[in-house]
There are 2 protein chains.
Amino acid sequence: MPEKSAAGGGLREQKKRATRAALAEAAVRLAAEHGVENVTVEAISAAAGVSVRTFFNYFDARDDAFVVIDTDISARVRSTVLRAPAEVPPLDAVRDAIAAELAEAEQQHELWQLHAEVLRAAPHLLVRSLGAHMADETGLAVAIARRLRGGPTDVPGTTATDEDARRSLDLYPRLLAAVAGTAVRVAVEHWSADPAERHFADVFQETFASLAAGLPAPPG
Amino acid sequence: MPEKSAAGGGLREQKKRATRAALAEAAVRLAAEHGVENVTVEAISAAAGVSVRTFFNYFDARDDAFVVIDTDISARVRSTVLRAPAEVPPLDAVRDAIAAELAEAEQQHELWQLHAEVLRAAPHLLVRSLGAHMADETGLAVAIARRLRGGPTDVPGTTATDEDARRSLDLYPRLLAAVAGTAVRVAVEHWSADPAERHFADVFQETFASLAAGLPAPPG
DNA sequence: GGCATAACTTGCATGCTATGCAAAGATGCA
DNA sequence: TGCATCTTTGCATAGCATGCAAGTTATGCC
């Protein structure tokens with residue numbers, strides 16, 4: 001029964017963390033061994049030493065147990081984006097924030113490996129996973145929007161193209177957040193098709209480079 | 001019991017299309033009226049005039065009924081992309097193919113509107129919708145890849161940067177397909193938040209313009 | 001037309017997923 | 001210690017999803 005990162009306040013809090021982690025870990029290990037579809041909630045609960053009913057106190061749906069390893073990744077991405085120097089372009093800021101998180105995650109290697117394996121065998125879970133992790137796409141969009149408002153030129157007055165800018169501003173953060181998430185997913189999928197060939201970081205950077213260049217046809 | 005677009009081969013084929021469409025339409029209408037969570041498979045099946053068991057012959061899961069409205073949109077997009085003149089950049093080809101389909105879809109206005117409404121009220125369905133699009137995504141990626149191979153310069157021999165190009169080629173079509181899908185979703189979401197303010201086509205074009213420019217920070 | 005075949009639909013049986021409720025147990029605090 | 005609060009659990013219930021076998025309907029071939 002491993003604990004989560006920062007050991008929070010009281011005993012209750014710790015126990016909850018431990019239970020959630022135990023359930024998630026049990027789910028992933030069982031799935032790696034027997035295949036996702038052959039793992040029942042009952043089995044997961046038993047392996048974690050709690051009742052089935054308790055499982056559903058922690059997860060809204062069976063699939064969610066396979067999906068969330070670290071709950072607050074998206075929060076960290078948001079705050080990293082906000083802390084980036086003002087002169088860094090938004091796309092770069094998002095890219096670097098995500099890259100940092102991915103590098104971080106690789107340190108929990110073994111479980112992460114299993115997790116990736118499980119997700120690769122179950123595409124519908126991969127969607128759910130990326131959806132869950134960075135996913136409060138809307139949250140990231142808000143962070144980006146805030147970053148833009150408090151941006152480089154600390155805005156004296158309103159310009160002539162004001163209305164036009166505001167409209168763009170609404171659309172742009174949403175688009176950037178969504179596209180970034182998609183890019184990560186594509187990078188992971190492409191890389192995991194043949195993990196040996198290239199480092200993931202390499203694929204990741206190429207993906208974002210293509211985005212930054214406006215998705216031109218590659219030479220060839 | 002409306003029929004689908006191009007009336008396919010036999011009577012069976014037609015009936016299947018009709019049944020699937022009836023189920024999907026019933027699902028969306030019931031969801032719009034009573035809320036997604038209050039619509040049972042039984043109700044959908046009854047409204048479509050088939051048994052519950054038959055529902056599951058058409059959809060793997062209840063939620064899938066709310067997600068796919070027109071099955072062969074993606075097929076038409078693919079073929080349009082392939083038919084585009086060779087000198088058109090990939091991103092533009094994809095944009096125009098999708099734009100054409102969307103213009104088409106607006107003729108079924110009312111149902112489409114309902115569908116967007118339902119998805120907006122049910123975030124988890126939107127995730128699932130993503131999943132559905134991902135299936136098409138691979139198909140679109142293949143079309144893009146083929147288009148690139150049979151592209152402008154009809155490839156005499158292999159160049160020096162060959163390996164590099166091949167790696168890019170694998171990643172690029174996937175990325176373009178995925179990002180295009182995401183862009184459409186974002187455009188729809190943004191537009192549907194306030195449909196009166198702008199024409200959808202306008203938002204759509206702005207979205208793809210931002211992509212083509214490499215997602216630079218908007219002026220402001 | 002009439003028949004054999006393949007495809008589609010249906011009801012039944014079964015097992016898993018998910019939620020509400022109330023009782024019992026664990027924890028935190030004075 | 002004893003009270004207030006949160007958590008866990010079993011039970012009941014409803015809906016979701018699949019396999020199977022039997023009944024219906026289209027299709028192709030004579």
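Here the structure is a predicted model, which means the values were calculated and not measured.
Using a 4.0 Å heavy-atom distance criterion, A:Val52 is classed as making no nucleic acid contact. Base contact: A:Arg53 has a heavy atom under 4.0 Å from a base atom. Contacts of A:Arg12 with the nucleic acid, taken as non-hydrogen atoms under 4.0 Å apart, include base atoms. Contact annotation for A:Phe55: no contact, since no heavy-atom pair falls under 4.0 Å across all strands. At a threshold of 4.0 angstrom between heavy atoms, the contacts of B:Asp60 are confined to the sugar-phosphate backbone, with no base atom among them.
Nearest to the side chain of B:Thr19, among C:dT9, D:dT9, C:dT19, sits C:dT9. Out of D:dT8, D:dA17, C:dT10, the shortest distance to the side chain of A:Thr54 is found at D:dT8. Counting only heavy atoms from C-beta on, B:Val50 has its side chain closest to C:dT10 among C:dT10, C:dT19, D:dT9. Of the candidates C:dA18, C:dT10, D:dA17, the closest approach to any side-chain atom of B:Ala61 belongs to D:dA17. Distances from the side chain of B:Arg62 to the nucleotides D:dG10, D:dA17, C:dT9 place D:dA17 closest.
Look at CD on A:Glu37: it is 12 Å from C1' on C:dT17, rounded to the nearest Å. When the C1' atom of C:dC16 is taken as reference, atom CG of A:Asn38 falls 13 Å away, rounded to whole Å. Rounding to whole angstrom units, CD of residue A:Glu13 and C1' of D:dT7 are separated by 12 Å. Nucleotide D:dT7 holds its C1' atom 7 Å from the OH atom of A:Tyr58, rounded to whole Å. One can place CD of A:Gln14 at 18 Å from P of C:dA26, the figure rounded to the nearest angstrom. Taking atom CG of residue A:Asn57 and atom C1' of nucleotide C:dA18, one finds them 11 Å apart after rounding to whole Å. Rounded to an integer number of Å, the gap from B:Phe59 CZ to C:dT9 P is 12 Å. Here the C1' atom of nucleotide D:dG10 and the CD atom of A:Glu42 are 13 Å apart, to the nearest Å.
Ion pair B:Arg174/B:Glu137 not flagged as a salt bridge, since none of the NZ, NE, NH1 or NH2 atoms sits closer than 4.0 Å to an Asp/Glu carboxylate oxygen. Comment: B:Glu13 does not engage B:Arg17 in a salt bridge, judged by the lack of any side-chain N to carboxylate O separation of less than 4.0 angstrom. Salt bridge status for B:Arg29 with B:Glu33: absent, with no side-chain N to carboxylate O gap under 4.0 Å.
No side-chain N or O of B:Arg76 forms a donor-acceptor pair with one of B:Thr80 less than 3.5 Å apart. The closest side-chain donor-acceptor pair between A:Thr207 and A:Ser210, if any, does not fall under 3.5 angstrom.
Both B:Lys15 and B:Val41 sit near DNA chain D, but only B:Val41 has its closest nucleotide nearer the 5' end.
A close approach under 4.0 Å does occur between a side-chain nitrogen or oxygen of B:Lys16 and OP1 or OP2 of C:dC8.
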